[in-house]
Amino acid sequence: MDFALNEEQLQAQKMVRDYVAKEVIPTIGEWDRKQEMNPAVLPRMAELGILGICIPVRYGGQGFDYITLGLVCEELERGDTTLRVIMSVHMGLNSLSLLQWGTEEQKQRFLVPQARGEQYGAFGLTEPGAGSDVAALASTARRVGDKYILNGEKMWISLATKAHNFLVVAKTDPDKGARGMTAFIVTRDMPGVTTGDLHGKLGVRAGSTGWIAMQDVEVPVENRLGEEGEGFKIAMSALDNGRYTVAAGATGLIRACLEDSLKYAHDRKTFGKPIAEHQLIKQKIAYMQQWYDAARLLYLRAGWLKNQGQRNTRETSMAKWYATDASVKAALEAVQIHGAYGFSDEYPVERYLRNSKGAVIYEGTSEIHQLMQADYALGYREDRPLRCELPAYDPELWQSEAEAIGN
Ligand SMILES: Cc1cc2nc3c(=O)[nH]c(=O)nc-3n(C[C@H](O)[C@H](O)[C@H](O)COP(=O)(O)OP(=O)(O)OC[C@H]3O[C@@H](n4cnc5c(N)ncnc54)[C@H](O)[C@@H]3O)c2cc1C
């Protein structure tokens, strides 16, 4: 067991930490107040290589490992949740699904421009009437010759109005429930696709969250990801990767709460001494440190399993559940430590609290993760091999231009 980060991981971590410190933290409060996404964010993340960080060089990426993806997400959410959300959908849910399930032709067509940051990816699973209960989704895909005709509406979709490519799941055989679902790559330029933004959100206000409507959208069969009927499995495997980025990001949010609270606790004085010296404040700090350490170890374990090419649904769910729940607790304590100033947008801790609440809802609510963990422990649930697993990280292969990876 080796807990040390290697040179490449440290280098990527530093690059993102510097970017966040110089370009995100000084401006994010203003964009959050405006409830708009800073238009510089996506192009800058593309320029820095962040949007393709763990994608092999052959597919337009930087060739780092999955642990680096986690470290990058931690650093991004140290600045603001909205930047990590970009990674969750563009990389975790979309690009890594293409790496795992896509044909070589699909990888060249969609993964390469996404990893280079020339195009952005999103993920459309949730619908107005189906969130946790994925099998209840109502979107349909009817095969006609060499095309599918898609109809339906996707709701609460991050980057809905920004992304070029949407990985969506629809029912090809509505009578078969979860086994009757199929995954497709729908592109913004297809006639019948419309999108819009949602407003009035509690958190991730500097991010983009919206809806996608599909009306008689003709999707060529070459845009089907995986086989007909594999949509549910593909969506669940996508969530293994999305949840990993959420877990790592929530760890960064805990760190933000801790670091800001440490500074405030040293500066603010009551009863003739810094509040840091009061025992009840120390207790809050101690808990935040404990939450941070545990959350970090849990996401690193999941990242390590991904690097080995081992199934990690159970471990990733645990990391996501723990880190996001802990980030809400850490944000509540950070606001408390800041007293009345924590109740104002003069300090970022109120934004941390609002942002933390989203992550206990998306990518599996905390209740869903509790059910999963109990079912694993009780022996009611086990992971079966998939037709396509996420490829294990291989440094040489990831740097090679020549060799195809995956299917
Ligand atoms: C900011 C944000 C961004 C998002 N981005 C995306 C995206 O990019 N793509 C996408 O597809 N979706 C996205 N979502 C949607 C998100 O994944 C769903 O909101 C989530 O899956 C929960 O679904 P729901 O909101 O319909 O809640 P519901 O499923 O209706 O659940 C309502 C409540 O009931 C509880 N509950 C449900 N079933 C059970 C059960 N069996 N036992 C106990 N309790 C239960 C839930 O935990 C929850 O508390 C996003 C959501 C938000 C808030």
Side-chain angles (χ1 to χ4, degrees), residues 70 73-74 77 80-82 84-85 87-89 92-93 123 125-127 129-137 155-158 198 201-205 207 209 232 235-258 284 287-288 290-303 305 312-336 349-378 380-381 383:
C73 288
E74 181 183 328
E77 195 155 354
D80 193 61
T81 302
T82 53
R84 191 272 307 150
V85 169
M87 290 306 278
S88 295
V89 299
L93 295 163
F123 180 74
L125 187 63
T126 306
E127 298 187 355
S132 308
D133 185 5
V134 173
L137 65 80
M155 188 75 173
W156 288 105
I157 306 307
S158 306
L198 293 172
K201 290 175 295 179
L202 174 68
V204 290
R205 290 186 174 170
T209 319
F232 186 80
M236 294 305 119
S237 72
L239 286 168
D240 282 349
N241 299 323
R243 286 167 179 170
Y244 172 63
T245 63
V246 177
T251 308
L253 187 55
I254 299 170
R255 201 176 96 216
C257 293
L258 176 60
K284 295 182 198 307
Y287 271 119
M288 282 191 204
Q290 181 199 48
W291 294 327
Y292 174 72
D293 283 7
R296 194 160 199 274
L297 288 169
L298 285 172
Y299 92 69
L300 289 174
R301 175 177 71 169
L305 288 168
N312 52 84
T313 306
R314 182 177 185 173
E315 292 79 6
T316 300
S317 154
M318 179 62 89
K320 193 273 179 187
W321 171 36
Y322 181 85
T324 58
D325 265 11
S327 73
V328 176
K329 291 191 281 188
L332 276 168
E333 294 294 38
V335 169
Q336 193 68 15
V349 288
E350 63 83 34
R351 176 164 51 83
Y352 300 160
L353 178 58
R354 289 186 288 101
N355 284 346
S356 70
K357 195 58 194 149
V360 291
I361 295 172
Y362 50 69
E363 304 228 21
T365 63
S366 292
E367 289 78 9
I368 293 299
H369 288 289
Q370 286 173 57
L371 294 174
M372 285 174 70
Q373 291 303 323
D375 285 350
Y376 278 118
L378 289 162
Y380 298 160
R381 181 184 176 114
D383 295 323

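In plain terms, the two heavy atoms of Ala334 and Cys257 that are nearest each other are CB-CB, 3.9 Å. Of all the heavy atoms in Leu258 and Met288, the pair that sits closest is CA-SD, 3.6 Å. The minimum heavy-atom distance between Lys320 and Glu363, with the atom names listed, is CE-O, 3.5 Å. Shown here for Tyr322 and Ala295, the closest heavy-atom pair between the two residues is CE2-N, 3.7 Å. What you find for Leu353 and Ala331 is that their closest heavy atoms are CA-CB, 3.5 Å. Closest approach of Asp240 to Thr316, counting heavy atoms only: O-CG2, 3.1 Å.
In summary, Glu74 and Arg255 engage in a salt bridge, as defined by a charged side-chain N under 4.0 Å from a carboxylate O.
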Given Glu333 and Lys329, is the salt bridge (Lys or Arg N to Asp or Glu O under 4.0 Å) satisfied, shown in steps? CA-CA 6 Å; Glu333 294 294 38; Lys329 291 191 281 188; over 6 Å; no
So Ser88 and Arg84, side chain to side chain donor-acceptor pair (under 3.5 Å) or not? Walk me through it. CA-CA 6 Å; Ser88 295; Arg84 191 272 307 150; 2.8 Å; yes
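Taking Trp321 as the reference, nothing meets the ring pair (Phe, Tyr, Trp, His ring centres under 6.0 Å) condition, with sequence neighbours excluded. The salt bridge (charged side-chain N to carboxylate O under 4.0 Å, His left out) search around Glu315 returns none, not counting sequence neighbours.
The side-chain contact (heavy atoms from CB on, under 4.5 Å) with Arg354 is formed by just one residue from the set Thr81, Val349, Leu202; it is Leu202.
In this structure, the separation between CD on Glu367 and CE on Met372 is 13.5 Å, given to the nearest 0.5 Å. Considering OH of Tyr352 and CG of Leu332, their distance stands at 15.0 Å, rounded to 0.5 Å.
Within the 3.5 Å criterion, the main-chain N or O of Gly203 finds no donor-acceptor partner in the side chain of Asn355. Panel note: side chain Gln373, backbone Arg314; a donor-acceptor pair is recorded below 3.5 Å.
Atom NZ of Lys201 sits in a crowded spot, with more than 12 heavy atoms from other residues, nucleotides or ligands closer than 6.0 Å. Within 6.0 Å of atom OH in Tyr287, 12 or fewer heavy atoms from other residues, nucleotides or ligands are found, so the atom counts as exposed in its surroundings.
Proximity of Ile254 to Arg296: side-chain heavy atoms (C-beta onward) are nowhere separated by under 4.5 Å.
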